[in-house]
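The structure appears below as structure tokens.
Quick note on labels: first sequence line is chain A, next is B, and so on, each numbered from 1. Values below: every heavy atom of this structure, side chains too, minus hydrogens, waters and symmetry copies. Predicted, not measured: the structure shown is a model, and the values here were computed from it.
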Amino acid sequence: DGGITQSPKYLFRKEGQNVTLSCEQNLNHDAMYWYRQDPGQGLRLIYYSQIVNDFQKGDIAEGYSVSREKKESFPLTVTSAQKNPTAFYLCASSATGNGGWDEQFFGPGTRLTVL
Amino acid sequence: GDSVTQMEGPVTLSEEAFLTINCTYTATGYPSLFWYVQYPGEGLQLLLKATKADDKGSNKGFEATYRKETTSFHLEKGSVQVSDSAVYFCALSEKPGANSKLTFGKGITLSVRP
């Protein structure tokens, strides 16, 4: 079945450590996105990529980094520079880079907790 | 910039009650409007959408009409079920283009009791 997978489902990190969240899609979508979800704040866009080897900052990119070396993969690294990294992280993809004009398909999310 | 405002929650209803969740937006252009739903422990999924004024999106008994004059896209359902318990997000996207993105509201939690 086609879809988006995120791993791991739960992730614990010590302060000062970098951690990488995985996102893989087999939908043959060009565009991929990373969102952060905090209680009472909805979803905020971290980074997005409309094509392989290209990506743009979203609204809250500070303390995060991404790569897009393959069409199906868009890993997110939460660096030690991110001051409040504990959150629920959602990856999404869409057929093209036309933003929300294409339906975005979401993965099940990764809950990151900094100890 | 663009923004989406949803009514404050949470909302608790009895099964078969009528549901309205308010959503208003601010946009410089002529956006498309969406409702996404997040069931417990899952990612978001598209519930319905509308791309121009007076369009009505509908799915699974839910409906929302794009009202340009009031910049609103309220979600309604005539008779809710326990299985509708979830978080609902209103969202918009400006015209397609290289930098077109989804802007989400804060979401509202709906709980339906038997």
Segment of A:Q6 engaging chain B (4.5 angstrom heavy-atom cut-off): neither
Within-4.5 Å side-chain heavy-atom neighbours: B:Q81 and B:E15: yes
More than 12 heavy atoms of other groups within 6.0 Å of A:Y10 OH: no
Whether over 12 other heavy atoms sit under 6.0 Å from B:K77 NZ: yes
Heavy-atom pair of closest approach, residues B:Y66 and B:P31: OH-O, 2.6 Å
Pi-cation contact, B:Y30 with B:K68 (under 6.0 Å, within 45°): yes
Stepwise salt bridge (Lys or Arg N to Asp or Glu O under 4.0 Å) test for A:R44 and A:D38: CA-CA 9 Å; A:R44 293 180 289 170; A:D38 295 283; 2.8 Å; yes
Neighbours of chain B found in residues 65-92 of chain A - heavy atoms under 4.5 Å: A:F88, A:L90
Side chain, backbone, both or neither of B:Q6 within contact of chain A (heavy atoms, under 4.5 Å): neither
Under 3.5 Å side-chain donor-acceptor pair for B:Y39 and B:S85: no
Top of B:G105, B:G43, B:A91 for chain A proximity - count of heavy-atom pairs under 4.5 angstrom: B:G43
